[in-house]
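Here's the structure we're looking at; comments come further down.
A note on names: the letters A, B, ... follow the listed sequences, proteins ahead of strands, and every chain is numbered from 1.
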Protein chains: 2
Amino acid sequence: MEPIDVFKALSNEIRLNILQWLKEPEKHFPKQGAHLPKEVSYKGGVCVGDIQEKAKTSQSTVSHYLNMMQQAGLLESVRYGKWTYYRRNEETIRQFAEYFRTEI
Amino acid sequence: MEPIDVFKALSNEIRLNILQWLKEPEKHFPKQGAHLPKEVSYKGGVCVGDIQEKAKTSQSTVSHYLNMMQQAGLLESVRYGKWTYYRRNEETIRQFAEYFRTEI
DNA sequence: TTGACATATCTAGAAAATTAGATATAATAT
DNA sequence: ATATTATATCTAATTTTCTAGATATGTCAA
């Protein structure tokens with residue numbers, strides 16, 4: 001986990017929102033996919049299309065952002081069929097909080 | 001304190017370094033100013049010139065960066081004579097750590 | 001196999017950040 | 001008053017980020 005990459009990833013309002021939305025997916029993505037049983041898709045995260053709709057930006061931009069956040073270690077993804085589900089990587093997020101608390 | 005501004009301020013290696021250096025000014029600015037008695041100048045922070053020298057970048061850039069970090073709430077400044085001393089704003093830094101821990 | 005759909009990648013123009021030189025301002029020393 | 005020094009601000013060139021349209025890839029359904 002490179003702290004600079006985390007700071008960069010979160011220095012954009014849309015990306016910061018995405019990370020916060022994914023903290024409570026049931027709350028922010030209520031009419032979620034239905035491509036899969038509820039418990040599976042929430043455990044696996046939220047699909048790109050649902051995030052795009054909520055973020056009100058283009059498909060390519062969302063895909064780019066999600067990839068950027070994954071590179072920074074903030075998200076991880078799983079593919080089920082044609083859908084890619086993104087969810088938070090809580091371990092990195094915790095590590096970053098600890099890094100900030102102790103080293104900044 | 002606007003979290004986005006803090007993320008932006010720290011998404012640059014030089015600025016992140018400055019914040020870390022100012023955590024232990026005696027360690028990172030040993031031959032510090034001498035414009036003022038040691039305890040005064042460390043309490044008041046480190047002057048722009050010393051930070052510039054350490055950061056190895058131009059005077060205007062450092063001044064710009066310090067101002068940016070102050071706007072974000074990460075630093076505060078005091079002027080003694082012709083020197084401006086910058087120091088950390090520990091309250092904001094603590095608030096941000098808490099924000100990250102609880103809301104991100 | 002073909003068609004439709006979800007997502008990723010490529011490309012490029014627009015916007016913002018980075019950076020330093022030039023200049024302005026403010027304080028001190030002579 | 002003038003010269004010097006420290007810092008701030010202005011300006012502009014360069015680099016990076018943002019963003020979306022176009023296209024490619026992968027998967028499923030008919």
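- Taking only side-chain atoms of B:Ser60, from C-beta outward, the nucleotide of D:dA6, C:dA6, C:dA22 with the closest atom is C:dA22.
- Under 4.0 angstrom from either OP1 or OP2 of D:dA8 there lies no side-chain N or O belonging to B:Tyr65.
- Taking only side-chain atoms of A:Gln59, from C-beta outward, the nucleotide of C:dT9, C:dC5, D:dC18 with the closest atom is C:dT9.
- If you check the side chains of B:Ser77 and B:Gln70, you find a donor sitting under 3.5 Å from an acceptor.
- In this model, the phosphate group of D:dA20 is approached by a side-chain N or O of A:Ser58 to a distance below 4.0 Å at OP1 or OP2.
- In this structure, the CE atom of A:Met68 is 18 Å from the P atom of C:dT7, given to the nearest Å.
- The shortest distance between side-chain heavy atoms of A:Thr84 and A:Val78 does not fall below 4.5 Å.
- Of the two residues near DNA chain C, B:Arg79 and A:Leu66, the one whose nearest nucleotide lies more 5' is A:Leu66.
- When the C1' atom of C:dA17 is taken as reference, atom CZ of B:Phe7 falls 18 Å away, rounded to whole Å.
- Within the 4.0 Å cut-off from OP1 or OP2 of C:dA16, not a single side-chain nitrogen or oxygen of A:Asn12 is found.
- By the salt bridge (Lys or Arg N to Asp or Glu O under 4.0 Å) test, A:Glu53 is found to be paired with A:Lys31, residues two or more places apart in sequence or in another chain being considered.
- Considering only side-chain N and O atoms, B:Tyr80 lies nowhere under 4.0 angstrom from the phosphate OP1 or OP2 of C:dA26.
- Using a distance-only test at 3.5 Å, with no hydrogens or angles considered, no donor-acceptor pair links the side chain of A:Gln59 to the main chain of A:Gly49.
- Ranking C:dT28, C:dT18, C:dT7 by closeness to the B:Lys82 side chain, first place goes to C:dT28.
- For the pair A:Asp5 CG and D:dT17 C1', the computed distance is 14 Å after rounding to whole Å.
- Contact between the side-chain N/O atoms of B:Arg15 and the OP1/OP2 oxygens of C:dT18 is found at a separation under 4.0 Å.
- The aromatic ring centroids of A:Phe96 and A:Phe7 lie less than 6.0 Å from each other.
- Taking only side-chain nitrogens and oxygens, A:Asn67 never comes nearer than 4.0 Å to OP1 or OP2 of C:dT7.
- A straight line from CD of B:Gln52 to P of C:dT19 spans 14 Å, rounded to a whole angstrom.
- Using a 4.0 Å heavy-atom criterion, one finds that A:Thr84 contacts the sugar-phosphate atoms exclusively.
- Distances shorter than 4.0 Å separate some side-chain N or O of B:Thr61 from OP1 or OP2 on C:dA20.
- Rounded to a whole Å, the CG atom of B:Leu75 is 12 Å from the P atom of D:dA8.
- Put simply, CH2 on A:Trp83 is 13 Å from P on D:dT27, counting in whole angstrom units.
- Straight-line distance from the CD1 atom of B:Ile4 to the C1' atom of C:dA16: 14 Å, rounded to whole Å.
- Distance, A:His64 NE2 to C:dA12 P: 16 Å, rounded to whole Å.
- In this structure, the side chains of B:His64 and B:Thr61 stay at 4.5 Å or more apart for every pair of heavy atoms.
- When distances run from any side-chain atom of A:Ile14 to the nucleotides C:dA6, C:dT19, D:dT19, the shortest one goes to D:dT19.
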